Amino acid sequence: MNSVDVSDLPVEDGVREVLRKRGIVTLNPVQSEAIEKGLLEGKRLLLTSPTGSGKTLIAELGIISHLRRGGARAIYVTPLRALTSEKYNTFKDWELLNFKVGITSGDYDTDDAFLSRYDIVVTTYEKLDSLWRHGPKWLKEADYFVLDEFHYLNDGKRGPVVESVAVRAKRRNLLALSATISNSRDIASWLNAEPVTTNWRPVPLKEGILVADKRIAVTYSDGTSVQLKGTDGILAYTRKVVGEGGQVLVFRNSRKMAETTAWKIAELEFNLKKKEIEELASRLEEVEDAGSSEKSDLIELLRKGVAFHHAGLSKGLRDVIEDGFRRRLIKVITATPTLAAGVNLPARAVVVGDIYRFNRKILGYQEEISVMEYKQMSGRAGRPGFDSEGEAVIVVRNKRDAERVAKKYILSPPEPLESKLGNESAFYSFLLGLASEDATEESVRSMTNEVFLDKEIVKTYVENGILWLRENGFFGEGVKLTKFGRKVADLYINPFTAKTIKDVLSMSGPENCDIPYLHMLALTPDGPLASIGKAEEEDLLDSSPCATFMEVPDEEEEAYQYFSALKIALVVHDWIEEVEEDAILSKYGLGSGDLRSIVETMDWLTYSGYQVSLALDWESHAEIMLKLNKRVSDGVKEELLDLVRVPGVGRKRGRLLYENGLRKPEDLIMDPGKVKSLLGDKIGERIVKEAARIIGGVL
DNA sequence: GGTTGGTTATTTTAGACAGCATGTC
DNA sequence: CTAAAATAACCAACC
């Protein structure tokens with residue numbers, strides 16, 4: 001059986017109907033193989049295959065057949081919120097068969113109860129890990145787990161959460177989906193699943209090495225080669241592909257490089273659909289959460305058919321760019337690795353511009369990217385339905401590198417997946433999570449035997465961890481959580497974050513300034529990172545309105561982290577002092593996406609600081625952090641807190657209304673005319689309505 | 001004295017998950 | 001341990 005015909009599938013007509021609507025007549029070889037291996041009978045599988053080989057459909061068929069066999073609920077887990085909503089939208093198709101699909105992640109609500117209405121719930125690893133600590137009934141009923149992008153197990157930061165989710169999902173039925181890995185047998189046997197490995201792709205991939213030495217040439221792994229004209233390899237190659245009607249995705253190892261590469265490519269002349277591009281440009285101009293210089297740069301590039309794409313850009317900007325590329329208006333995107341791991345955005349050709357990446361931990365040391373990372377990037381090559389063949393090229397400096405690089409990235413299998421649970425921070429957090437759902441020490445210990453990490457190492461971490469959690473007040477008797485421990489588990493903060501908050505606040509009286517609190521929170525393991533320059537450190541100290549709880553450390557690495565946290569504190573301080581967004585961005589050299597993510601994290605941490613203080617009965621600290629949290633959420637001074645409760649009123653409109661004498665939601669209702677004159681008829685009316693609603697319809 | 005232009009030394013460097021409260025999922 | 005580009009600093013020639 002090589003490719004199963006949909007009409008031959010042993011499924012109900014409704015399933016065939018959904019597939020037919022999507023235009024699927026025949027299942028591809030990967031999908032067919034999964035079915036052959038027992039997918040529809042609920043067989044546990046670990047499926048490893050290249051990006052874009054149709055794994056999502058396999059998961060859908062697995063889920064539907066599971067539910068039809070009498071399964072209670074299926075959970076689909078991904079590592080990214082963007083993927084979660086992408087899958088959610090896809091799965092909506094199954095509502096045709098009356099399956100209810102729900103979604104939850106940090107982007108959405110936290111009210112778990114309503115999730116019991118759904119047959120399929122799409123979520124992230126962290127969210128699921130967090131939900132498990134509360135143990136809602138609907139989650140206990142869940143009996144089928146799809147673990148998507150399972151190779152995230154290998155990620156230093158996120159991997160431990162993937163592992164901890166897998167440990168629990170293992171007790172139920174599961175389906176794990178992963179990019180190609182070299183130890184799928186080991187992983188599969190750990191998951192009690194059968195490994196299914198294929199290398200099939202929807203569009204064949206041609207891989208090559210681009211040497212930009214004296215002459216520019218691409219040497220493909222099939223032995224063929226092409227000479228290109230010019231001095232810059234990336235430019236020459238891009239010109240060729242776009243000239244032949246294709247699109248190119250160029251990956252670079254820094255934001256700056258992505259941007260300068262974009263400007264260079266913009267000097268090439270492409271054939272463009274001017275009218276549509278202008279429409280796209282005006283859509284980009286309308287994006288609200290972006291900086292003005294980001295917009296003007298991108299619009300200028302857009303008119304040349306080029307855009308850059310990295311995490312410094314806000315979600316809104318990235319959405320417009322991705323859409324423009326999908327519609328083939330944008331010919332070239334130059335990007336950092338964001339685009340390799342995120343949503344599906346294929347191009348005819350992928351250029352891997354750098355195989356080295358800076359590693360802060362060892363000064364001056366350049367790490368070579370992993371084979372897996374290369375596969376993630378090259379896997380974006382080839383648009384199904386548009387390109388008969390995808391092409392990925394790696395840029396190297398000279399002939400000598402070419403051979404070595406080709407051997408490593410094109411001809412060798414990717415690295416094996418390893419457990420990343422082997423550190424105190426990750427393991428103690430894992431232990432706290434286990435204890436919070438299952439209170440006996442014996443059951444916690446037995447669960448720790450289910451991890452992928454080496455058993456001898458596990459033993460040590462379990463003993464030390466239980467001791468540490470007890471000594472630091474998370475556990476009381478056995479592994480029973482204290483009030484403090486319970487709170488920390490619920491907040492989903494790292495136990496070391498909680499310990500920092502506890503230790504620092506226990507030694508300090510309440511401070512009449514935001515900075516020490518923000519700095520302390522930013523300095524925890526959960527705090528956001530800011531890159532700081534050598535010359536920046538002194539400025540930071542000078543511009544801080546007051547002192548931090550701690551002194552500047554002597555040791556270099558610690559001092560760096562101190563200053564990084566100080567920068568975060570100052571950024572957030574400006575944010576809640578209502579400094580203009582553009583001013584914050586240029587003052588600190590941030591992108592709109594950076595600011596968003598800093599605020600988001602500090603929002604969560606200030607709330608956590610507030611809750612931890614409450615749990616420890618430190619009321620004066622708690623009061624300060626509650627106020628801080630509310631101000632961080634909306635980016636306003638205290639006096640605006642009442643106004644911004646009204647949906648649609650943020651820091652800008654709030655300030656405008658306030659300065660014009662409208663200081664409470666009630667004031668808006670009393671003088672709707674003034675609101676409309678300040679904000680415009682349409683928005684004004686909506687806001688007055690919202691104001692009326694939140695104060696309970698009192699008019 | 002100030003500007004310009006070229007060379008050398010120094011500096012910089014990817015990403016993105018989580019709580020809660022309300023009211024669309 | 002396996003880098004490369006941007007930028008700052010420096011210096012000499014010139015108006």
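Chain A is the first sequence line, chain B the second, and so forth, proteins listed ahead of strands; every chain is numbered from 1. None of these values were measured; they are calculated from a predicted model.
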Query raised in the report: Is the distance between the ring centroids of A/F484 and A/F474 less than 6.0 Å?
Result: yes
Query raised in the report: A/L605 CG to B/dG19 P: how many Å, rounded?
Result: 12 Å
Requested in this report: Among the candidates B/dC25, B/dA14, B/dA18, find the nucleotide nearest to the side-chain atoms of A/Y118.
Outcome: B/dC25
Query raised in the report: What nucleotide, of B/dT13, B/dG15, B/dG23, holds the atom closest to the side chain of A/S254?
Result: B/dT13
Report task. Could you work out the separation of C/dT2 and B/dT13 based on their P atoms and round it to a whole Å? Result -> 24 Å
Report task. Could you measure between the two P atoms, the one in B/dA14 and the one in C/dC1, and give it in whole Å? Result -> 22 Å
Report task. Could you state the atom-to-atom distance from CZ of A/R81 to P of B/dA16 in whole Å? Result -> 9 Å
Report task. Looking at every strand, decide which applies to A/N494 at a 4.0 Å heavy-atom threshold: base, sugar-phosphate, or nothing. Result -> nothing
Report task. Ignoring the backbone of A/S130, work out which of B/dG19, B/dG23, C/dA3 is nearest its side chain. Result -> B/dG19
Query raised in the report: How would you label the contact of A/G102 with the nucleic acid (heavy atoms, under 4.0 Å): base, sugar-phosphate, or nothing?
Result: nothing
Report summary line: Hits for salt bridge (charged side-chain N to carboxylate O under 4.0 Å, His left out) against A/R168, two or more places apart or cross-chain, chain-then-number order -> A/D129, A/E437
Requested in this report: Rounded off to whole Å, could you give me the CG-to-P distance for the A/D401 and C/dT2 pair?
Outcome: 12 Å
Report task. Kindly confirm whether the side-chain ring of A/W604 is stacked on the base of B/dA18, judged by centres under 5.5 Å and planes under 30°. Result -> yes
Query - Nearest-Å distance for atom pair CG/P, residues A/N359 and B/dT12 - result: 17 Å
Query raised in the report: Can A/E163 and A/S419 be said to form a side chain to side chain donor-acceptor pair (under 3.5 Å), step by step?
Result: CA-CA 8 Å; A/E163 191 165 341; A/S419 171; 2.7 Å; yes
**Report entry** A/E141 atom CD, over 12 foreign heavy atoms within 6.0 Å
**Finding:** yes
Report task. Please determine if A/K630 and A/D634 form a salt bridge, counting it only when a charged side-chain N lies under 4.0 Å from a carboxylate O. Result -> no
Report task. Could you check which nucleotide pairs with B/dT22 in any of the strands shown, counting Watson-Crick or G-U wobble with both distances under 3.5 Å? Result -> none
Query - Sequence neighbours excluded - salt bridge (charged side-chain N to carboxylate O under 4.0 Å, His left out) pairs with any residue from residues 76-86 of chain A - result: A/R81-A/D107, A/R81-A/E600
**Report entry** DNA chain B contacts made by residues 481-489 of chain A, counting heavy atoms under 4.0 Å
**Finding:** none
Report summary line: To the nearest angstrom, the CG-P distance between A/L529 and B/dG15 comes to 12 Å
Requested in this report: May I ask you to evaluate whether A/R158 reaches the phosphate of B/dC17, defined as a side-chain N or O under 4.0 Å from OP1 or OP2?
Outcome: no
Query raised in the report: Given B/dG23, B/dG19, B/dG15, which nucleotide is nearest the side-chain atoms of A/A311?
Result: B/dG15
Report summary line: Whole-Å distance, A/L128 CG to B/dC17 C1', equals 13 Å
Query raised in the report: Over how many whole Å does the gap from A/I501 atom CD1 to B/dA18 atom C1' extend?
Result: 13 Å
Query - Strand DNA chain C in bracket notation, Watson-Crick/G-U under 3.5 Å with | for pairs to another chain - result: ..|||||||||||||
Query raised in the report: If you look at every strand shown and take non-hydrogen atoms under 4.0 Å, does A/D490 touch a base, only sugar-phosphate, or nothing?
Result: sugar-phosphate
Query raised in the report: Looking only at side-chain N and O atoms, does A/T336 come under 4.0 Å of OP1 or OP2 in B/dG15?
Result: yes
Query raised in the report: What is the nucleic acid contact for A/T601, judged by heavy atoms within less than 4.0 Å: base, sugar-phosphate only, or nothing?
Result: base
Query raised in the report: Is the centre of the A/Y492 ring less than 6.0 Å from the centre of the A/W132 ring?
Result: no
Would you give me the side-chain donor-acceptor pairs under 3.5 Å for residues 114-121 of chain A, sequence neighbours excluded?
unit_1	atom_1	unit_2	atom_2	d
A/S116	OG	A/A113	O	2.8
A/D119	OD2	A/K100	N	2.7

Query - Contacts of type salt bridge (charged side-chain N to carboxylate O under 4.0 Å, His left out), residue A/E126, not counting sequence neighbours - result: A/R158
Under 3.5 Å between N/O atoms: give me all the protein pairs with nucleotides 9-11 of chain B, atom names plus distance.
none

Query raised in the report: Considering residues at least two apart in sequence or located in another chain, which fulfil the side-chain hydrogen bond (donor to acceptor under 3.5 Å, both in side chains) criterion with A/R596?
Result: none
Query raised in the report: Are the aromatic ring centres of A/H621 and A/Y517 under 6.0 angstrom apart?
Result: yes
Query raised in the report: Given that A/T124 and A/K157 both sit by DNA chain B, which one's nearest nucleotide is further toward the 5' end?
Result: A/K157
Requested in this report: Check whether any side-chain nitrogen or oxygen of A/R596 sits under 4.0 Å from OP1 or OP2 of B/dA16, and answer yes or no.
Outcome: no
Show the distances under 3.5 angstrom between N or O atoms of the protein and N or O atoms of nucleotides 4-8 of chain C.
unit_1	atom_1	unit_2	atom_2	d
C/dA4	OP1	A/R397	NE	3.2
C/dA4	OP1	A/R397	NH1	3.3
C/dA4	OP2	A/R397	NH1	3.2
C/dT7	OP1	A/K256	NZ	3.2

Requested in this report: State which residues pass ring pair (Phe, Tyr, Trp, His ring centres under 6.0 Å) with A/Y374; sequence neighbours excluded, sorted by chain then number.
Outcome: A/Y409
**Report entry** Residues that A/K256 engages under salt bridge (charged side-chain N to carboxylate O under 4.0 Å, His left out), provided they are two or more places apart
**Finding:** none
**Report entry** Test ring-ring contact (aromatic ring centres under 6.0 Å, His included) applied to A/F91 and A/Y88, step by step
**Finding:** CA-CA 5 Å; A/F91 294 174; A/Y88 170 72; 8.6 Å; no
Requested in this report: May I ask you to say what A/P528 touches in the nucleic acid, namely base, sugar-phosphate or nothing, with a heavy-atom cut-off under 4.0 Å?
Outcome: nothing
Query raised in the report: So what does A/T338 touch, heavy atoms closer than 4.0 Å: a base, only the sugar-phosphate, or nothing?
Result: sugar-phosphate
Requested in this report: Determine, step by step, whether A/T261 and A/R252 satisfy the side chain to side chain donor-acceptor pair (under 3.5 Å) criterion, reporting the C-alpha distance in whole Å, the side-chain angles of both residues, the deciding distance to 0.1 Å, and the verdict.
Outcome: CA-CA 8 Å; A/T261 306; A/R252 307 285 344 229; 3.1 Å; yes
Requested in this report: On DNA chain B, check which nucleotide each of A/Y88 and A/E536 is closest to and give me the residue with the more 5' one.
Outcome: A/E536
Query raised in the report: Given atom CD of A/E86 and atom P of B/dC25, what is their separation to the nearest angstrom?
Result: 22 Å
Requested in this report: May I ask you to check whether over 12 heavy atoms, not counting those of A/E557, lie within 6.0 Å of atom CD?
Outcome: yes
Requested in this report: Report yes if a side-chain nitrogen or oxygen of A/K630 is closer than 4.0 Å to either non-bridging phosphate oxygen (OP1 or OP2) of B/dA21; otherwise report no.
Outcome: no
Query raised in the report: What residues, two or more places apart in sequence or in another chain, satisfy salt bridge (charged side-chain N to carboxylate O under 4.0 Å, His left out) together with A/D155?
Result: none
Report summary line: Partner of B/dA16 under the Watson-Crick or G-U wobble criteria, both distances under 3.5 Å, comes out as none
Query - Nearest listed nucleotide, side chain of A/Y492, among B/dG15, B/dC25, B/dA18 - result: B/dA18
